[in-house]
Amino acid sequence: MLAKANRLVRANDYRNAVRRGSHFSAANSVVYIALRDDSSPVRFGFIVAKTVGGAVIRNRVRRRLKAIGYELITRVDPGTDVVIRALPGAAETSWAVLRNEILGQVTRGGARK
RNA sequence: UGGGUCGGCAAGACGGUCGCGUUGCUCCUCACGGAGUACCGAGGAACGUCCGGGCUCCACAGGGCAGGACGGUGGGUAACACCCACCCGGGGCAACCCGCGAGAAAGUGCAACAGAAAGCAAACCGCCUCCCGGCAUGAUUUUCGGAUCGUGCAGGGCGGUAAGGGUGAAACGGUGGUGUAAGAGACCACCAGCGAUUCGUGUGAGCGAGUCGGCUAGGUAAACCUCGUCCGGAGCAAGGUCAGACAGGGAACGCUACGGGCUGCUCGCCUAGUUUCCGGGUAGACCGCUAGAGGUGUGCGGCAACGUACAUCGUAGAUAGAUGGCCGUCGAUGGUACUUCGGUACCGGGACAGAACCCGGCGUAACAGCCGGCCCAUUCA
C-alpha cells in the first residue's frame with residue numbers, strides 16, 4: 001500500500017500527468033509518466049472508471065494497483081508522477097499478469113533500475 | 001419419516017509476510033511535518049435513493065386555491081406509505097397466505113370478443129290470443145253455384161310475453177306454488193340481497209337476533225371525480241470560520257442619516273449607498289463529523305408492535321476517497337472416477353455486494369447452510 005506522500009491527490013496533478021506525460025498502453029492498462037523538476041517522492045495515481053465494474057470490483061483493482069505501486073517506489077526516480085489507468089479487462093486479469101504488465105510499462109517509460 | 005408454512009441465526013476459518021486510515025502516547029523538528037508504538041477500522045443488505053424524520057440554511061400574520069401523498073378499525077412511533085392486533089372479502093383440509101380494503105342511490109365517462117340486446121330499456125329464436133286469406137276434412141243447410149260453423153296443417157299481419165334456448169366475466173333476484181291465452185314479484189311462501197329501524201354485544205371496523213318496507217337498484221374510482229386526513233422549499237457541495245483568486249456590467253429604489261463632484265441655492269445628473277439580476281473566480285484547510293429516537297441484559301406493563309425502570313457496553317470516519325495485496329494450511333455444498341455402498345482418490349475453492357451527515361422503514365440482489373415454532377399425511381406405541 002501507499003502512504004499519502006506517495007499518492008497523487010490533486011485534480012491538477014492528474015491533468016498534468018495524463019496530458020503532458022508520456023503514455024504506454026497494454027492489454028489491461030495505460031500508464032502515464034510525467035517528470036517534475038524536483039526531488040520530492042515518487043507519486044502514484046490511479047484511474048479506475050465505471051466501465052471496469054461495480055464498486056467492489058473497482059476497489060479490488062485499485063488496491064492491486066496500489067500494491068504494485070508500492071513495489072515500484074524504490075525503482076522509479078524521485079520527482080516522477082505515475083498515473084495508471086485500468087481498462088475493463090483488468091477485473092478478470094490475474095495478479096501475476098497484471099503485475100508483470102505494469103512493471104514492463106514502467107521499465108520502458110524510464111525506471112531508473 | 002415425508003411434505004408444507006412461518007420466523008430466527010450466520011455471512012468460510014486459521015496463519016505468515018508486506019502495507020493503509022483515524023485516534024492516543026513517546027521521540028525528532030522553529031514550524032509544516034516525520035519516525036516508532038498501541039487500540040480500533042464495512043453490510044445484512046453498507047445497494048436502490050422510493051417513503052418518513054432529525055440536523056442546517058432560506059421563506060413564513062392568518063386563511064384559501066392549485067398540486068401531491070395517503071385511505072377498513074383500534075393501537076405503536078419522532079414520523080411514515082412502516083409495524084402490531086383485530087374486522088371484512090377471497091384462497092387453502094390446515095398452519096397460513098392474499099387485498100395498492102373510503103364513496104358507484106352527486107355527476108360525467110368507459111366496456112374488446114361473443115351476443116337480438118351491455119345500461120335502460122329493448123326482443124333473435126321461441127310461446128300465446130285475435131285477425132286475414134289458402135288447403136284438407138267433418139257437420140248443417142241449399143235455388144246444387146255455394147253458404148255457415150267446427151277441427152287440423154302450413155303461411156301472413158296487429159299485438160301480448162320474457163317462463164325456456166343461445167352468447168358472455170356480467171343479461172334486471174333464486175326455488176316452489178297461485179295465476180294466465182301464454183306469461184310475468186302480477187300475487188303468495190321460504191331463501192339471498194337492498195333500504196329503514198329495534199335490541200344485545202364490542203373502544204371500534206363489525207358481529208348476532210328481530211321488525212317493517214318496496215319486491216331488485218349490474219361492473220369499473222390503479223377513469224375523471226367526490227369525501228376525509230396530512231404536506232412551505234432546498235439539501236452536509238446543507239451551513240460556518242480562515243486563506244486565496246477574479247472583472248465587471250445591467251435594472252430598480254432614492255436623497256431616505258451623511259459624503260464627494262458639476263455652481264452658493266433650487267431642479268437635474270454623475271459617483272457613493274441599498275436591493276436585485278447577469279457575468280466572472282474558487283472548490284484549499286478546519287469545523288459540521290459521529291453518543292445516537294444507540295446496543296445488550298433483567299424486571300415491570302401490554303395479546304403484540306412497543307413502552308418504561310435499572311444495570312451494563314463504548315463501537316469506522318475516508319475525501320482521487322483507509323478498512324487491503326500476495327502466499328500457505330484447512331474447508332461446506334459441488335464435479336469426475338473407483339467402490340466391499342461404509343467410503344477412497346483427484347479436480348474445484350464461496351453468493352449478492354463497499355460506509356461518505358445520521359436514524360426509522362420499504363424495495364431490490366443473492367450461493368450453500370444451520371436452528372426453531374406450527375400444520376397436514378404416514379409409521380410405531
Side-chain angles (χ1 to χ4, degrees):
Chain A
M1 292 276 105
L2 292 165
K4 258 187 179 174
N6 298 111
R7 295 296 312 281
L8 235 60
V9 292
R10 298 272 172 264
N12 274 336
D13 296 337
Y14 273 87
R15 216 170 291 135
N16 281 335
V18 171
R19 288 188 186 165
R20 301 193 186 151
S22 44
H23 63 270
F24 305 91
S25 301
N28 303 303
S29 61
V30 181
V31 174
Y32 304 88
I33 297 178
L35 294 171
R36 285 170 290 121
D37 293 329
D38 56 31
S39 59
S40 59
V42 186
R43 297 189 304 183
F44 291 89
F46 307 95
I47 301 172
V48 184
K50 280 188 181 172
T51 51
V52 175
V56 176
I57 291 168
R58 285 192 287 144
N59 259 336
R60 194 175 66 239
V61 169
R62 189 177 57 246
R63 284 163 176 162
R64 283 180 155 178
L65 294 177
K66 284 162 79 175
I68 296 168
Y70 184 73
E71 289 187 43
L72 287 168
I73 286 176
T74 55
R75 304 171 64 165
V76 179
D77 290 324
T80 307
D81 284 349
V82 180
V83 172
I84 303 173
R85 180 195 296 276
L87 301 178
E92 286 80 34
T93 309
S94 72
W95 161 252
V97 171
L98 191 65
R99 178 170 172 274
N100 286 333
E101 184 178 309
I102 304 292
L103 259 54
Q105 285 168 308
V106 173
T107 305
R108 276 196 291 155
R112 189 182 51 189
K113 301 169 185 173

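Proteins come first, then strands; the chains are lettered A, B, ... in the order of their sequence lines, and each starts at number 1. When reading the values below, keep in mind they use all heavy atoms of this one structure, side chains included, and skip hydrogens, waters and symmetry mates.
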Distance (rounded to the nearest 0.5 Å) between Ile68(A) CD1 and Phe44(A) CZ =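 Reported to 0.5 Å precision, the distance equals 10.0 Å.
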Rounded distance [0.5 Å steps], OG1 in Thr80(A) versus CZ in Arg43(A) = 10.5 Å
Can you check the distance between [N] and [M], where both ends of the measurement are the [atom1] atom (answer in whole Å)?
N       : M       : atom1 : value
A122(B) : G160(B) : C1'   : 15 Å
G15(B)  : C371(B) : P     : 27 Å
U378(B) : G71(B)  : C1'   : 49 Å
G302(B) : U319(B) : C1'   : 49 Å
G317(B) : C289(B) : C1'   : 7 Å
A318(B) : G7(B)   : P     : 40 Å
C14(B)  : A322(B) : C1'   : 25 Å
A332(B) : G350(B) : C1'   : 9 Å

Opposite nucleotide pairing with [N], Watson-Crick or G-U, both atom distances under 3.5 Å:
N       : answer
C86(B)  : G72(B)
C330(B) : G12(B)
A234(B) : U56(B)
U296(B) : A311(B)
G168(B) : none
G268(B) : C262(B)
C367(B) : none
G350(B) : none

Just how far, in rounded Å, is [atom2] of [N] from [atom1] of [X]?
X         : N       : atom1 : atom2 : answer
Ile102(A) : G325(B) : CD1   : P     : 17 Å
Arg7(A)   : G324(B) : CZ    : C1'   : 13 Å
Phe46(A)  : A322(B) : CZ    : P     : 11 Å
Trp95(A)  : U17(B)  : CH2   : C1'   : 13 Å
Tyr70(A)  : G324(B) : OH    : P     : 17 Å
Lys66(A)  : G21(B)  : NZ    : P     : 9 Å
Leu72(A)  : G19(B)  : CG    : P     : 15 Å
Arg62(A)  : G19(B)  : CZ    : C1'   : 15 Å

Base orientation of [N], syn vs anti, 90° cut from 0:
N       : answer
A223(B) : anti
G145(B) : syn
U290(B) : syn
G44(B)  : syn
G185(B) : syn

Would a hydrophobic clustering, with Ile, Leu, Val, Met, Phe, Trp and Tyr connected at side-chain separations under 4.5 Å, put Trp95(A) with Val48(A)?
->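 Same cluster.
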Would you tell me if any nitrogen or oxygen in the side chain of Arg64(A) comes within less than 4.0 Å of OP1 or OP2 on C326(B)?
->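 So the side-chain polar atoms of Arg64(A) do come within 4.0 Å of the phosphate oxygens OP1 or OP2 of C326(B), strictly under.
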Apply the test side chain to side chain contact (heavy atoms under 4.5 Å, CB included) to residues Phe24(A) and Ile33(A): give CA-CA distance (whole Å), side-chain angles for both, the deciding distance (0.1 Å), then the verdict.
-> CA-CA 8 Å; Phe24(A) 305 91; Ile33(A) 297 178; 4.1 Å; yes
Residues that Arg99(A) engages under salt bridge (charged side-chain N to carboxylate O under 4.0 Å, His left out), provided they are two or more places apart |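 For Arg99(A), the residues satisfying salt bridge (charged side-chain N to carboxylate O under 4.0 Å, His left out) (neighbours in sequence not counted) are Glu71(A).
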Val52(A) to Ala86(A) - nearest heavy-atom pair and separation |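 For Val52(A) versus Ala86(A), the nearest heavy atoms are CG2-O, 3.8 Å.
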From the options Val42(A), Val82(A), Leu103(A), select the one residue that forms a side chain to side chain contact (heavy atoms under 4.5 Å, CB included) with Leu72(A).
->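 Output: one option passes, namely Leu103(A).
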For residues 25-32 of chain A, which side-chain N or O atoms pair as donor and acceptor with protein atoms under 3.5 Å away, sequence neighbours left out?
from     : atom 1 : to        : atom 2 : distance (Å)
Asn28(A) : OD1    : Thr93(A)  : OG1    : 3.4
Asn28(A) : ND2    : Thr93(A)  : OG1    : 3.2
Asn28(A) : ND2    : Glu101(A) : OE1    : 3.2
Ser29(A) : OG     : Glu101(A) : OE2    : 2.8
Ser29(A) : OG     : Gln105(A) : OE1    : 3.2
Tyr32(A) : OH     : Arg85(A)  : NE     : 3.3

Below 3.5 Å is the cut-off: list the nitrogen or oxygen pairs between protein and nucleotides 353-356 of chain B, distance only.
from    : atom 1 : to       : atom 2 : distance (Å)
G354(B) : N7     : Asn59(A) : ND2    : 3.3

